[in-house]
There are 2 protein chains.
Amino acid sequence: MTDKGSSVDRVYETLRDMAINFDFKPGERLNETHLTSKLNVSRTPLREALNRLVAEGFLTLAKGQGFFCRALSPEQILELYQLRCALETEALRIGISTAGDEDIAAFCAYLDETEKTYGTCEDLSELLNMDEEFHMRLAGLCGNGELCRTLKNVNERIRYVRLVNLRQLRENGAQASENSYLSAHRVVADAVRARDTDKAVTALRAHIERRREQTIELVRLAYSQLYVPAV
Amino acid sequence: MTDKGSSVDRVYETLRDMAINFDFKPGERLNETHLTSKLNVSRTPLREALNRLVAEGFLTLAKGQGFFCRALSPEQILELYQLRCALETEALRIGISTAGDEDIAAFCAYLDETEKTYGTCEDLSELLNMDEEFHMRLAGLCGNGELCRTLKNVNERIRYVRLVNLRQLRENGAQASENSYLSAHRVVADAVRARDTDKAVTALRAHIERRREQTIELVRLAYSQLYVPAV
DNA sequence: GTGTGCGAAACTGTATACAATTCTGTGGTC
DNA sequence: GACCACAGAATTGTATACAGTTTCGCACAC
């Protein structure tokens, strides 16, 4: 029953996941022939998938030289954080003024539900998934599909750095930091429930921008982890 | 010297222009064979370009059925207006707090310069270009390339409806409306020069959202113009 | 040792060929 | 007259072939 999807779709999703996780190193040139044998498809659907990923900002395309992994630079990450902030705060504004009570209740219920597993979650990737899910649901309250799709793309592109961030916090034994994530979410959710736009936007903006200062250091750390195979 | 660019690039730009102007009708199925003969390329680069346009939201792709022009619906346009608002207001916030005085001066100078031609411009498409250029320069003050690229894409996707709007205003003999565009720009620019974030954001938001109420009617009008060849 | 030029190999960009699916129109049945 | 079945045509999705660049390595000059 599961529509196995076209070859392009399968290849596209595989490559996107690899790009998200920087399985391709920043600036690395992609060898199409290697990828075809790795993914068992011909170059035609492969290149169609690659072209999509270029349009989505995961890869770049240099005429005559082929496809490259996107760069990983503090500037780039900062730009994406700003973009994320723009999208999320506006979504929040719209959501607070237009979402139904039941939608907001469902959103808050999700937070309640995940609150327990948040502290006990060992897998950092899973933890990040939960955080992203929270933010996507928050944004989803605005009912704007275009906005959500754009946000999703941005989140995917900063995911690696965020993961590095979590690893760092975990290593520093900063259990508190995870709780601070959670409490920040709680503050926003409460403000949403109270339909207090200013309070919610302010809290959310602070929550997102908090990470900005560390970005330069985080990108440096990211590079070091990229080229040292995880134990 | 003009790098003639690859075949894909040329085809891509042509198709994108056609999509922006709804030379493809909303929901229309695109026949690849016809396009190949029209554009004098084989299906391989054609499909690569089409895949890019899907990723950019100009087209959709139905498995087994090929490529279709995007829909044109009030909901879609409203979503894009909201997205535009999110991007522009955030860019404005950032720009006011980070742009150099000389950048702001250059921005204001551009407004001064175009102010004259604004009233006398006969070509509505050209008029719209000028408006878009103003907004892109405004956004450009924030120095965030990702944000600007996203905004550019959004603007392209709502361009047709905005053009219909201008046509309508022109037909109603509403010269005043063009002046109102201009004066709104002036208000924003003055607030930017004064580094008054709240005032600038409020004015810009109002300027953009003003069009929202008319959207349903505008989309209806757009359809009528799409299927009646321009005289 | 360093830099340069050349030629082969590798790779990209595009065209074409083929397989599988979808669409279309005709005929038949109720 | 409306609905369904089916065969042929058209169209999409993928693989392969080919031409034009680029890259890489090696030899050679300085």
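This one's a predicted model, so the numbers in the text were calculated from it and none came from an experiment. Here is the naming used below: chain letters follow the sequence lines, and residue numbers restart at 1 for every chain.
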(request) Establish, with yes or no, whether the OP1 or OP2 oxygen of D/dA10 is under 4.0 angstrom from a side-chain nitrogen or oxygen of B/N31. (result) no
(message) Nearest to the B/F67 side chain among C/dT12, D/dG13, D/dA15, which nucleotide is it?
(response) D/dG13
(message) Starting the side chain at C-beta, find the nucleotide from D/dT11, D/dT12, D/dT14 nearest to B/H34.
(response) D/dT11
(message) If I take atom CG in residue B/N51 and atom P in nucleotide D/dT12, what distance separates them, rounded to the nearest angstrom?
(response) 13 Å
(request) Between B/R43 and B/R29, just flag the one whose closest nucleotide in DNA chain C comes earlier from the 5' side. (result) B/R43
(request) Assert yes or no for the condition that the ring centre distance of A/F134 to A/F107 is strictly below 6.0 Å. (result) yes
(message) Side-chain N or O of A/T44 versus OP1/OP2 of D/dT14: is the shortest distance under 4.0 Å?
(response) no
(request) Return the 5'-most residue of the pair B/T33, A/P45 with respect to DNA chain D, ranking by each residue's nearest nucleotide. (result) B/T33
(message) With a 3.5 Å cut-off and heavy atoms only, can you find an N or O donor on one side and an acceptor on the other between the side chain of B/S6 and the base of C/dT14?
(response) no
(message) Quick check against the 3.5 Å criterion: does B/E146 have a side-chain atom that pairs as donor or acceptor with the backbone of A/E79?
(response) no
(request) Specify the separation, in whole Å, of atom OH of B/Y12 and atom P of C/dT14. (result) 15 Å
(request) Using only side-chain N and O atoms of A/Q65, determine if any of them is under 4.0 Å from OP1 or OP2 of D/dT23. (result) yes
(request) Name the nucleic acid region contacted by B/L30, choosing base, sugar-phosphate or nothing; use a 4.0 angstrom heavy-atom cut-off, strictly under. (result) sugar-phosphate
(request) Rounded to the nearest angstrom, tell me the gap between atom CG in A/N40 and atom P in D/dG13. (result) 21 Å
(message) From CG of A/L39 over to P of D/dT14, roughly how many Å is that when rounded to an integer?
(response) 13 Å
(request) Return the value, rounded to whole Å, for the distance between atom CG of A/L35 and atom P of C/dA10. (result) 17 Å
(message) Here's a test for you: under side chain to side chain contact (heavy atoms under 4.5 Å, CB included), which of A/V11, A/L61, A/L30 qualifies with A/L50?
(response) A/L30
(request) Provide, to the nearest angstrom, the distance between the CD atom belonging to A/E32 and the C1' atom belonging to D/dA15. (result) 14 Å
(request) For C/dT12, take OP1 and OP2 only and decide whether either is under 4.0 Å from a side-chain N or O of A/R47. (result) no
(message) Could you tell me how far apart A/K63 (NZ) and C/dC11 (C1') are, to the nearest whole angstrom?
(response) 14 Å
(request) Return yes if some donor-acceptor pair links the side-chain N/O of A/E48 with the main-chain N/O of A/P45 below 3.5 Å, else return no. (result) no
(request) Side-chain contact test, heavy atoms from C-beta onward, threshold under 4.5 Å: evaluate it for B/V54 versus B/F67 and give yes or no. (result) yes
(message) What is the separation between atom CG on B/D9 and atom P on C/dT14, rounded to the nearest whole Å?
(response) 8 Å
